[in-house]
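Worksheet for the structure shown next.
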Amino acid sequence: MTDEKLVALAKEAMKNAYSPYSNFKVGAALLAKDGRVFTGCNVENASYGATNCAERTAIFKAVSEGCREFDAIAIVASSGDFISPCGICRQVLAEFMPDGKVILDSDEKGMVTYLVRELLPCSFTGKDIR
Ligand code: THU
């Protein structure tokens, strides 16, 4: 699976975004270590706090299907510019893909990649709970 293909799958998933309140669509495509890809979109709610980001939709779909180990996630937004995962999503990414790669795409500037550990250094983890 190439980064370009993962971005294309994220763009496809973005079409399903349910975002009548922000009118901002986000799509994500998550590459599992076993080669499977799980996609997600943002799902908003009239009670705004109940909104789920595209990244967490993809991760929760995967985990609920029994898949817990991931290598990479591609994220795209309807603005056509890079968007970086929110703090809650970074924490969830750190839980399931601490060594993973985050691929951001933009229409005009192409792709950039980060590591999850760069986006959330010094994170709180399961090891901290004793
Ligand atoms: N959103 C995402 O889906 N992922 C992000 O990383 C940032 C924000 C969504 C949540 C909400 O539906 C909309 O974008 C505006 O915040």
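In each ligand, atom 1 is the first atom listed, and ligand 1 is the first ligand listed.
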[atom] [closest protein heavy-atom partner, distance rounded to 0.1 Å]:
atom	result
atom 3 (O) of ligand 1	Ala54 N, 2.9 Å
atom 8 (C) of ligand 1	Cys53 SG, 4.0 Å
atom 11 (C) of ligand 1	Glu44 OE2, 3.2 Å
atom 9 (C) of ligand 1	Asn42 ND2, 3.6 Å
atom 14 (O) of ligand 1	Phe24 CD2, 3.4 Å

Open item on the list: Can a donor-acceptor pair be found, under 3.5 Å and without considering hydrogens, that links the side chain of Gln91 to the backbone of Phe124?
Closed with: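 Checked: pair present.
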Open item on the list: Considering both backbone and side-chain atoms of Glu55, is one of its nitrogen or oxygen atoms within less than 3.5 Å of a nitrogen or oxygen in ligand 1?
Closed with: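 Yes: some nitrogen or oxygen of Glu55 is under 3.5 Å from one in ligand 1.
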Task: Any N/O pair Pro85/ligand 1 closer than 3.5 Å - done: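 Among all N and O atoms of Pro85, none is under 3.5 Å from an N or O of ligand 1.
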Open item on the list: Working to the nearest 0.5 angstrom, can you tell me the gap between Ile59 CD1 and Leu93 CG?
Closed with: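 Interatomic distance, Ile59 CD1 to Leu93 CG, rounded to 0.5 Å: 4.0 Å.
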- [ ] Please round to the nearest 0.5 Å and tell me the distance separating atom OG1 of Thr113 and atom CD of Glu118.
- [x]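 CD of Glu118 is found 8.0 Å from OG1 of Thr113.
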Task: Min heavy-atom dist Cys89 to ligand 1 below 4.0 Å - done: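 It does not, in that no heavy atom of Cys89 comes within the 4.0 Å cut-off of ligand 1.
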Open item on the list: Please determine whether any non-hydrogen atom of Ser19 lies less than 4.0 Å from an atom of ligand 1.
Closed with: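 For ligand 1, residue contact (heavy atoms, under 4.0 Å) with Ser19 is absent.
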- [ ] Take Arg117 and Ser123 through the side-chain hydrogen bond (donor to acceptor under 3.5 Å, both in side chains) test and state the conclusion after the steps.
- [x] CA-CA 8 Å; Arg117 72 174 97 87; Ser123 68; over 6 Å; no
Task: Cluster link Leu6 to Val76, ILVMFWY, side chain under 4.5 Å - done: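 As far as the 4.5 Å side-chain criterion goes, Val76 and Leu6 are connected within one cluster.
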Task: Connected via hydrophobic side-chain network under 4.5 Å: Phe24 and Tyr18 - done: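 They do not share one cluster, since no chain of ILVMFWY contacts under 4.5 Å joins Phe24 to Tyr18.
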Side chains of residues 29-40: which donor-acceptor pairs under 3.5 Å do they make with residues two or more places apart or in other chains?
unit_1	atom_1	unit_2	atom_2	d
Lys33	NZ	Asp71	OD1	2.7
Asp34	OD1	Arg36	N	3.0
Asp34	OD2	Arg36	NE	3.1
Asp34	OD2	Arg36	NH2	3.2

Closer than 4.0 Å to some heavy atom of [X] - which atoms of ligand 1 meet that?
X	answer
Val26	1 (N), 2 (C), 3 (O), 4 (N), 9 (C), 14 (O)
Cys86	6 (O)
Ser84	6 (O)

TODO: Inspect the surroundings of CG in Leu115 and state if more than 12 heavy atoms from other residues, nucleotides or ligands are less than 6.0 Å away.
DONE: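 Counting other residues, nucleotides and ligands, CG of Leu115 exceeds 12 neighbours.
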Open item on the list: A quick test of your reading: do over 12 heavy atoms of other residues, nucleotides or ligands sit less than 6.0 Å from OH of Tyr114?
Closed with: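 Result for OH/Tyr114: open.
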Open item on the list: I'd like to check atom 16 (O) of ligand 1 in this structure: does the protein have a heavy atom lying under 4.0 Å from it?
Closed with: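 No, there is none.
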